[in-house]
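Here's the structure, in structure tokens; my notes come after.
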Amino acid sequence: MSTALAPVSTSALPEKFANPLLQIKGVLAQPAVRRSLPMAMLVALIGAAALAWMTFSTPTQKTLFTGLTDADKQAVTSALTQANIASKIDEGTGALTVNEDQYSKARMLLAGQGLPKQAPGGYAILDQLPMGVSRAVEGERLRQARETELARSIEDIDAVAEARVHLAMPEASVFVRDNASPSASVVVKLQGGRALSQAQVQSIVNLVASSVPGMKPESVTIVDQMGALLSKPGAGGADADSDARLEMQRKTEDKVRQQLVQLLTPLVGAGNFTAEVQADINLDQTQATRETYDKAGALRAETGNWVGNQANAPATPGGIPGALSNTPPPASQLQTPQPAVGASGNPAAAPTPTAGGPAPNPNKQSDSFQRAYDLGKEVSVTRQAPGSVKRLSVAVLLRDPDKSRRTAAEITQITDLVKSAVGFDQARQDQVTVISRKFADTSADTSGPAWYDNAWLPVLARNATAILIALLVLLLGVRPLAKGLMKKREDATPALAGPGGTIAGGESDGITVHEAVSLDRLEATQTVDDRIGAVRGFTRDNPARAALAIRDMIKADAK
């Protein structure tokens with residue numbers, strides 16, 4: 001005996017399961033669902049209005065602290081609760097938030113109480129080192145202490161809200177070629193709407209580099225919370241020169257502009273003039289070296305010898321010492337002097353007397369000397385410091401009086417004053433221009449901020465939007481539903497009237513009963529099909545009343 005499983009046909013499934021839309025329509029067509037649907041919609045609309053009100057009326061939250069320990073969270077929350085400041089803790093991130101309008105008050109309150117009390121940082125963590133720790137652990141703790149202390153020092157800057165410092169400290173090696181210089185990375189979180197100037201960034205770089213032995217400023221990198229690189233590599237590159245040029249130009253222009261303000265304010269009054277300055281700054285460094293020598297020179301050393309006339313040389317004592325040596329010399333005889341000759345025997349080479357000079361020695365026949373002279377030397381080094389003004393352009397616009405105009409003589413006098421104030425130099429081709437015109441009306445601009453820039457406007461708009469949504473829900477949703485329910489309740493009549501067992505008028509399955517009909521009258525005047533249809537429709541629409549009617553009929557038959 002074999003059995004075969006017949007395939008199940010999808011057509012055998014009921015139609016209500018095959019089509020979900022028909023199933024939903026069938027559920028909604030049920031009398032109980034139809035009666036409860038208005039009430040369900042009313043509850044849904046009230047819930048939507050309440051949700052909208054809670055969404056729009058709740059103030060904007062602002063993060064107070066992040067990453068707090070559980071003890072700090074409990075202490076901070078207790079302090080805020082005692083001060084009637086509402087706070088919330090985000091379950092996902094663990095951040096503690098307060099209302100935006102109470103943020104500053106909460107920060108001042110907690111700062112006065114010394115909260116939050118976080119774990120000790122900086123060099124305080126070195127006090128908690130247990131005895132017997134390894135050298136590696138001690139080095140890591142020291143590095144962590146340096147990072148924390150540097151971060152705290154950087155946070156003292158007004159524009160910096162939070163800072164984190166990471167130090168890369170390579171291990172020392174006995175080989176010089178293997179020694180690497182340390183480096184550092186700094187991540188700063190700036191205050192809202194604040195920015196660090198280039199001078200502040202360079203100060204942070206120098207602060208970190210000076211705090212770590214062997215670290216160079218080029219090895220420090222600074223990044224903000226948006227990932228922008230603030231420190232510029234190569235402090236002596238072209239970018240640094242350009243920044244220095246712009247900074248010096250700005251300072252020079254501000255100085256000249258301030259001089260103009262101090263000069264023209266007593267003369268024409270505050271707000272009656274405007275001045276613009278354009279300065280061309282020379283940042284080129286010039287160095288020149290010059291050497292000069294004295295042509296005459298000065299005698300430094302002299303070496304040599306000369307030969308004299310031996311015939312005219314005086315007799316020198318000679319002989320054997322004794323009696324003969326004590327003999328007096330013979331009488332002197334006059335002789336004609338011979339002209340001295342040079343080393344080559346040429347009489348022309350003999351020295352000739354010069355006017356104003358010493359007389360030549362007649363006994364000198366020849367001479368040979370080597371003389372060394374020192375020449376005069378002058379070394380001049382000129383260094384021109386950068387920052388000089390190459391060219392200056394000044395433009396001044398004066399306001400004309402209300403009922404008159406300035407004369408050319410007045411403008412000429414003011415021009416001369418401006419030239420004297422700014423240091424006008426015709427050799428540099430400086431330009432100074434002064435004109436007088438009517439100013440545009442700026443009364444609308446100085447009247448104050450516009451009404452839509454006030455701080456109370458967003459709060460008022462949020463509350464007004466929440467109230468408007470609630471009113472629309474009540475007027476367009478709750479009110480029509482309430483009217484429909486009241487009208488349906490007024491149109492309905494009692495289903496049972498007395499012991500006769502009458503049926504209330506209404507609509508059921510297309511059969512309308514306009515008046516109460518007794519059971520005797522139905523049996524006498526209507527057919528069976530009509531009575532069955534009327535009773536069926538009444539039972540479907542009013543099951544409770546039908547049950548009461550059946551109960552009354554059972555009681556009547558029992559009697």
Side-chain angles (χ1 to χ4, degrees), residues 60-68 90 92-98 100 103-104 106-107 111 116 118 121-122 140 143-170 180-254 278-279 281 283 386-387 453 455 458:
T60 305
Q61 297 292 310
K62 189 172 183 179
T63 302
L64 188 61
F65 293 109
T66 58
L68 294 179
D90 191 356
T93 60
L96 183 64
T97 60
V98 296
E100 186 177 6
Y103 176 79
S104 300
R107 289 296 294 256
Q118 297 181 352
E140 289 297 322
R143 181 184 58 81
Q144 182 181 1
R146 286 179 177 174
E147 292 176 350
T148 306
E149 289 296 328
L150 286 174
R152 289 180 178 178
S153 300
I154 296 173
E155 288 175 357
D156 290 339
I157 301 176
D158 295 337
V160 179
E162 297 179 7
R164 295 188 64 183
V165 180
H166 305 278
L167 298 179
M169 306 290 294
S181 60
S183 60
S185 300
V186 181
V187 181
V188 294
K189 181 180 180 182
L190 304 179
Q191 300 282 1
R194 302 290 298 275
L196 290 176
S197 63
Q198 190 61 32
Q200 291 176 322
V201 173
Q202 192 63 31
S203 299
I204 296 176
V205 170
N206 295 335
L207 172 65
V208 176
S210 302
S211 303
V212 180
M215 182 176 293
K216 300 179 180 179
E218 294 81 6
S219 302
V220 180
T221 304
I222 302 179
V223 182
D224 62 1
Q225 73 271 22
M226 303 301 295
L229 181 63
L230 302 181
S231 60
K232 296 181 179 180
D239 294 340
D241 294 341
S242 178
D243 294 341
R245 183 184 298 273
L246 294 177
E247 183 67 18
M248 188 169 294
Q249 179 179 353
R250 183 186 62 81
K251 290 181 179 180
T252 304
E253 293 175 354
D254 292 343
Q278 178 67 31
I281 306 300
L283 291 182
D453 291 335

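Predicted, not measured: the structure shown is a model, and the values here were computed from it.
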remark   = Sorted by chain and residue number, the salt bridge (Lys or Arg N to Asp or Glu O under 4.0 Å) partners of R143 (sequence neighbours excluded) come out as E140, E147
request  = Sequence neighbours left out, what passes salt bridge (Lys or Arg N to Asp or Glu O under 4.0 Å) with E100? Give chain and number order.
outcome  = none
request  = Measure the spacing between NZ of K189 and CD of Q225 and express it to the nearest 0.5 Å.
outcome  = 7.0 Å
inquiry  = Within this structure, what is the OG-CE distance for the pair S183 and M169, rounded to the nearest 0.5 Å?
reply    = 9.5 Å
Those residues that, when tested against [X], pass side chain to side chain contact (heavy atoms under 4.5 Å, CB included) (two or more places apart):
X: K216; result: E218, S219
X: S197; result: A199, Q200
X: V160; result: I154, I157, A163, V188, L190, L196
X: P170; result: A180, P182

Mind checking side chain to side chain donor-acceptor pair (under 3.5 Å) for [X] and listing every partner two or more places apart, or none if nothing turns up?
X: Q198; result: none
X: T97; result: Q61
X: D90; result: T93
X: R107; result: Y103

What pairs of donor and acceptor atoms, side-chain ones from residues 206-214 against any protein atom, are under 3.5 angstrom apart with sequence neighbours left out?
unit_1 : atom_1 : unit_2 : atom_2 : d
N206   : ND2    : Q202   : O      : 3.2
S210   : OG     : N206   : O      : 2.7
S211   : OG     : L207   : O      : 2.7

request  = Please report the C-alpha distance between I281 and T252 in whole Å, then the side-chain angles of each, then the deciding distance to 0.1 Å, and finally whether the side chain to side chain contact (heavy atoms under 4.5 Å, CB included) criterion is met.
outcome  = CA-CA 8 Å; I281 306 300; T252 304; 3.7 Å; yes
Test item: M215 and V220 side chains (from C-beta on) under 4.5 Å apart, heavy atoms = yes
Pairwise side-chain contact, R146 with L167, heavy-atom cut-off 4.5 Å (strictly under) = yes
ask   = Where the side chain of S231 meets the backbone of I222, is there a donor-acceptor pair that is under 3.5 Å apart?
value = yes
query = Shortest non-hydrogen contact from A106 to L64?
reply = CB-CD2, 4.2 Å
query = Of the non-hydrogen atoms in D158 and Q191, which two are nearest, and what is the gap between them?
reply = O-CG, 3.5 Å
key: Sole candidate of K251, R250, Q249 that passes side chain to side chain donor-acceptor pair (under 3.5 Å) when paired with E253   = Q249
